[in-house]
Structures are given as structure tokens and as C-alpha cells.
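Here is the structure we will look at, set down as C-alpha cells.
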Amino acid sequence: PSPLTSSSPQALVDDTEDVSLDFGSEEELALRKAKIRHPLATFFHLFFRVSAIVTYLFCDWFSNSFVACFVTILLLLSFDFWSVKNVTGRLLVGLRWWNQIDEDGKSHWVFEAKRVPAKAASTEAEARIFWLGLIICPVIWTVFFFSTLFSLKLKWLALVIAGISLQTANLYGYIHCKLWGQKSSRVTSRFFVTAEVPKRQTRRISEGPTEEPGKSGTR
């Protein structure tokens with residue numbers, strides 16, 4: 001046989017090896033650009049904080065009782081703080097934070113980011129809604145603080161400070177989660193936790209059960 005015919009199969013093999021069809025990235029991109037996949041979490045991420053702002057602005061239209069307005073707004077702010085910290089942040093952006101006390105009585109911040117498959121990842125729309133709500137609402141409460149201070153409505157000052165404190169705490173926690181998650185992106189575990197805590201208190205999540213030595217799975 002001629003050299004041309006003998007080298008042709010090898011050339012076809014080389015060409016086949018060089019071809020790479022990456023369908024996974026296209027599927028992941030399509031899922032990321034999909035519409036909202038957690039509508040209930042997205043709704044409650046904005047419901048409590050927007051309701052607190054609207055109630056603060058128009059509470060005089062519905063009730064003349066300062067105590068009733070104060071308690072209602074404070075409850076809405078508390079519900080918002082709990083839901084954003086424990087539920088919507090985990091579902092919409094895969095982040096979570098908390099504060100814990102060690103054995104010596106010292107307080108430590110713990111920031112956690114979650115690695116999930118593409119099918120379970122949050123979409124761009126959900127992430128955008130999450131961060132916009134997280135940033136804009138504390139700014140609005142800051143504006144309320146200065147307007148209350150300059151208009152000498154000092155009875156509302158404590159409530160406004162509570163609103164700034166609760167919503168700024170969530171913003172602070174999730175910004176640190178985002179920053180620590182980017183720094184720890186090379187970690188291959190399903191969860192990666194970064195915090196200033198002793199090593200004995202760092203939680204580790206194993207990938208699967210380990211088999212005891214000397215035992216076999218076969219019968």
C-alpha cells in the first residue's frame with residue numbers, strides 16, 4: 001500500500017481526538033439564563049422588607065396608634081432578617097452565614113458557600129433580585145434615618161436604627177460569604193467554610209461513607 005493510504009487512518013484518529021464537543025457548558029449557560037426557579041423564596045425575599053418600608057411611609061393612613069405601627073414594622077423587619085439569613089440566601093445564591101460562640105466565650109463569624117450542580121444552581125435573575133434587594137433597602141432606611149433626624153421625629157429614630165442594623169447585618173454577612181467563596185473557589189468539597197474559628201470546631205462534610213478496613217462489600 002502507498003504511504004498516503006497507510007497514514008490516512010492515523011490522521012483520522014488525530015483529527016477525531018482534537019475535536020471537542022462541550023455540550024455541558026451550553027446546558028449550564030441555558031439554565032443560568034432561565035427564569036426564576038424559586039418563585040416563593042424570591043417573593044418572600046422582597047415581601048417583608050418592602051412591606052416594612054411601605055408600612056413606615058403610610059402607617060399614619062391606617063392607624064393613629066404609634067405603638068401598633070412600631071410593633072408591626074419591627075415584626076416585618078424581624079421576619080425579613082430571619083428569612084433572608086436562613087432561607088432565601090441559601091436558595092437564591094447558595095450562601096449562608098452565622099455567628100457562633102466558642103468554648104472560651106468568644107464570638108466568631110462563619111461564612112459558607114455551597115457548591116451545587118448546574119441544574120440546582122440559582123439563575124441570573126434570582127441572583128440579581130437577591131443582591132438588589134439586599135443593597136437598596138438598607139440605603140432607603142439610611143435615608144429614613146436622616147429625614148427622621150432632620151424633621152425631629154425622634155420617636156421613630158429607634159425603629160429606623162433597628163431597620164438599618166438588621167438589614168445591614170445581612171448585607172455584611174453575604175458580602176463576606178461572596179468574597180470568601182471566591183477566594184476558596186479551588187476547594188473541591190461540596191461545602192467550603194471559611195471562618196476565624198479553631199480547627200477543632202470547623203465542620204467537615206464528607207463526600208460519602210468510608211468503608212472499615214478488613215470488610216468487603218461482596219458476599
Side-chain angles (χ1 to χ4, degrees), residues 24-59 61-63 68-100 109-142 144 159-160 162-182 184-185 189-194 203 205:
S25 60
E26 295 179 1
E27 181 182 359
E28 181 179 357
L29 183 60
L31 288 171
R32 291 286 296 172
K33 291 184 177 180
K35 294 182 179 179
I36 295 174
R37 302 179 61 205
H38 302 91
L40 194 62
T42 305
F43 171 77
F44 280 105
H45 177 70
L46 298 176
F47 173 75
F48 290 120
R49 54 184 49 214
V50 173
S51 298
I53 293 173
V54 173
T55 305
Y56 177 82
L57 291 173
F58 303 106
C59 63
W61 294 9
F62 304 103
S63 175
C69 295
F70 188 97
V71 172
T72 301
I73 297 172
L74 190 60
L75 286 175
L76 289 172
L77 290 172
S78 301
F79 291 154
D80 169 71
F81 177 81
W82 183 90
S83 62
V84 173
K85 178 180 178 295
N86 297 290
V87 181
T88 62
R90 177 174 53 86
L91 293 178
L92 300 183
V93 291
L95 302 175
R96 186 169 59 178
W97 67 272
W98 68 93
N99 185 273
Q100 68 181 22
W109 293 89
V110 183
F111 308 106
E112 181 180 80
K114 182 178 181 182
R115 287 181 176 270
V116 294
K119 293 184 179 180
S122 60
T123 64
E124 292 181 358
E126 290 176 337
R128 190 178 299 112
I129 291 173
F130 177 84
W131 288 110
L132 285 177
L134 203 66
I135 295 172
I136 292 176
C137 290
V139 174
I140 295 176
W141 282 104
T142 304
F144 289 163
L159 181 64
V160 173
I164 294 174
S165 302
L166 291 173
Q167 299 201 355
T168 303
N170 265 327
L171 178 61
Y172 172 85
Y174 281 114
I175 287 177
H176 275 268
C177 286
K178 186 69 173 179
L179 295 176
W180 285 117
Q182 291 175 352
S184 306
S185 60
S189 60
R190 188 169 180 267
F191 288 86
F192 52 88
V193 182
T194 305
R203 299 191 306 173
I205 301 178

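What you are looking at is a predicted structure, and each value in this text was computed from that prediction instead of being measured.
The closest side-chain heavy-atom distance from Ile53 to Phe144 is below 4.5 Å. In this structure, the side chains of Ile129 and Leu92 stay at 4.5 Å or more apart for every pair of heavy atoms. Using a 4.5 Å heavy-atom threshold, the side chains of His38 and Thr123 count as separate. Two residues are said to be in side-chain contact when any heavy atoms from C-beta on lie closer than 4.5 Å; His45 and Val84 meet this criterion. Looking at Leu134 and Arg49, their side chains come closer than 4.5 Å, going by heavy atoms from C-beta outward. For the pair Phe47 and Asp80, the minimum side-chain heavy-atom distance is 4.5 Å or more.
Closest heavy-atom contact between Gly163 and Leu77: CA-CD1, 3.6 Å. Nearest heavy-atom pair, Leu95 versus Ala113, reported as atom, atom and distance to 0.1 Å: CD2-CB, 3.7 Å. When all heavy atoms of Leu74 and Leu159 are compared, the pair lying nearest together is N-CD1, 4.1 Å. Contact record, Trp97 with Cys177: CB-SG, 3.6 Å, taken as the closest heavy-atom pair. In terms of heavy atoms, Pro138 sits closest to Gly133 at CD-O, 4.3 Å. Here the closest heavy-atom approach between residue Ala125 and residue Ile36 is recorded as CB-CG1, 4.3 Å.
Atom CZ of Phe79 has 12 or fewer heavy atoms from other residues, nucleotides or ligands within 6.0 Å.
Taken to the nearest 0.5 Å, the CZ atom of Phe58 stands 13.0 Å off from the SG atom of Cys69. Atom OG1 of Thr88 and atom CG of Leu40 lie 11.0 Å apart (nearest 0.5 Å). How far CG of Leu171 is from CD1 of Ile135: 6.0 Å, rounded to the nearest 0.5 Å. Note that CG of Leu75 and OG of Ser51 are 12.5 Å apart. Values are rounded to the nearest 0.5 Å. One finds the CD1 atom of Ile175 at 9.5 Å from the OG1 atom of Thr168 (value rounded to the nearest 0.5 Å). Considering CD of Gln167 and CD1 of Ile136, their distance stands at 11.5 Å, rounded to 0.5 Å.
Ring orientation note: the planes of Tyr174 and Trp131 are nearly perpendicular, at an angle over 60° on the 30°/60° scale. Taking the six-membered ring for Trp and thresholds of 30 and 60 degrees, Phe111 and His176 have nearly parallel ring planes, at less than 30 degrees apart.
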After noting the C-alpha distance and the side-chain angles of Thr42 and Phe130, does the key distance pass the side chain to side chain contact (heavy atoms under 4.5 Å, CB included) rule?
CA-CA 8 Å; Thr42 305; Phe130 177 84; over 6 Å; no

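Under the 6.0 Å cut-off for aromatic ring centres, Tyr56 and Trp141 qualify, their centroids lying closer than that.
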